[in-house]
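A quick write-up on the structure given underneath.
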2 protein chains.
Amino acid sequence: MTKTSSERSSSEIGFDEALDRLRVAGGRITRARRSLLEDLYRAAGRVTVDELAERHPDVDSATLYRVLSHFESVGLIDHVHLGHGPAGYRWVGHRSVAVVCEDCGRVVDVPADELRPLADRLRRHYGMRLSIGHFALTARCEACAPDHSHER
Amino acid sequence: MTKTSSERSSSEIGFDEALDRLRVAGGRITRARRSLLEDLYRAAGRVTVDELAERHPDVDSATLYRVLSHFESVGLIDHVHLGHGPAGYRWVGHRSVAVVCEDCGRVVDVPADELRPLADRLRRHYGMRLSIGHFALTARCEACAPDHSHER
DNA sequence: TTCTTTGCAAAATGTTTGCAGATAC
DNA sequence: GTATCTGCAAACATTTTGCAAAGAA
């Protein structure tokens, strides 16, 4: 249930705090919610819905989506769309952005701060508040694009 | 069929050149392909499959996907997955990035140059060459996130 | 008890595929 | 003429929804 401090950022919400949030939100702590919450809290990084479904065969997938949506609305998790592949859910507080190699699928996590200047410009000049961590960037890694690439 | 020069970048492929490419690729220039090619060439920005389907009621959607896939493999168009909804297709050479409001779905196009500094850093520090235009950024627009928002 | 949440089944997307017939070259 | 496309229908994958029954509080 606990993780080493190196894996958890200080701004992160703890497990018990998360339970409190759920209670405050007025929701009920059901078996499905508790076990999914634990799983998401424990999970190393991003998990997909089908991974969760596999680890919680007792939970219907409709419930799964509803619970994830609930957790997200309460601000406990967020989800990322990894280009093509499935969406990945993870505990909030990981301040990083996924960069996916569109050829080999390798994912490099980049600190969210790298996007800060861009986020500022987008807000000021385009009125769009970047949701860092809710999207993935697509790229080509060195192995897949040796060099000279004319990236678009 | 022609667009004002301000809308087309110099690096862009012309319509006739595109037809040549299709011929060189060995494919046949069918009615569906020709009219879709024209549409995509003419289109102001990104078009979704259902927009194309609406404008080409004679073309079956299965054909639509196949034709789009063909055009893409020949390097005439590319597509972007806009978070949830359907993918957006457009003529290659448009150097912009889509920023999608995750609440209302509105898409704001931002010049690719805005991403240049980030792209440079990603290449130098992470060995990833950003594929600008092959992904969408997720954000909240002013209407959906009035202000003071704690973006995650 | 009472109101929320779940499971199940069915629907809504968005995209792909198999196949026989149409068509470009 | 013949190999390639197309339309149609059906399959797929993913997510959403309606509703009665199960379960928190």
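Lettering follows sequence order; numbering is per chain, from 1. Keep in mind that the numbers below use all heavy atoms, side chains included, and drop hydrogens, waters and symmetry copies. Being a predicted model, the structure only gives us computed values, none of them experimental.
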Starting at CG of B:Asp58 and ending at C1' of D:dC8, how long is that distance when rounded to a whole Å? 15 Å
Any donor and acceptor pair, going by atom type alone, linking the side chain of B:Arg121 with main-chain N or O of A:Glu114 inside 3.5 Å? no
For DNA chain C, which residues of residues 46-56 of chain B approach it to below 4.0 angstrom with any heavy atom? none
Rounded to whole angstroms, how far apart are CD on A:Glu72 and P on D:dT16? 10 Å
Do A:Ser69 side-chain atoms and A:Tyr65 backbone N/O form a donor-acceptor pair below 3.5 Å? no
Are any side-chain N or O atoms of A:Glu51 and backbone N or O atoms of A:Thr48, one a donor and one an acceptor, separated by less than 3.5 Å? yes
Taking atom C1' of D:dT6 as reference, at what distance in whole Å does atom CG of B:Leu68 sit? 14 Å
Under 4.0 angstrom, heavy atoms only, what part of the nucleic acid is B:Ala32 near: base, sugar-phosphate, or nothing? sugar-phosphate
Enclosure of A:Arg23 CZ (heavy-atom neighbours >12, cutoff 6.0 Å): yes
Could you run down nucleotides 19-25 of chain C 5' to 3' and tag each one B, S or - for protein heavy-atom contact under 4.0 Å? B----BS
Could you tell me whether the side chains of B:Tyr89 and B:Glu72 share a donor-acceptor contact shorter than 3.5 Å? no
Comparing A:Asp60 with B:Thr63, nearest DNA chain C nucleotide closer to 5' gives the residue A:Asp60
Is a side-chain donor or acceptor of B:Thr30 paired with a backbone partner of B:Arg33 at a separation under 3.5 angstrom? yes
Atom OH of A:Tyr65 and atom P of D:dT14 are separated, to the nearest Å, by 7 Å
Checking B:Arg90 against B:Ser96: is there a side-chain donor and acceptor pair closer than 3.5 Å? yes
Please examine the side chains of A:Arg34 and A:Leu19, heavy atoms only from C-beta on, and report whether any two atoms are closer than 4.5 Å. yes
Expected output: side-chain B:Trp91 to main-chain B:Ile13 donor-acceptor under 3.5 Å: yes
Among the nucleotides C:dT17, D:dG7, C:dT15, which one has an atom lying closest to any side-chain atom of B:Ala62? C:dT17
What's the CZ-P distance between B:Arg34 and D:dC5, to the nearest Å? 15 Å
Rounded to whole angstrom units, what separation is found between the CG atom of B:Leu64 and the P atom of D:dG7? 9 Å
In whole angstroms, how far is the P atom of D:dC5 from the CG atom of B:Leu22? 10 Å
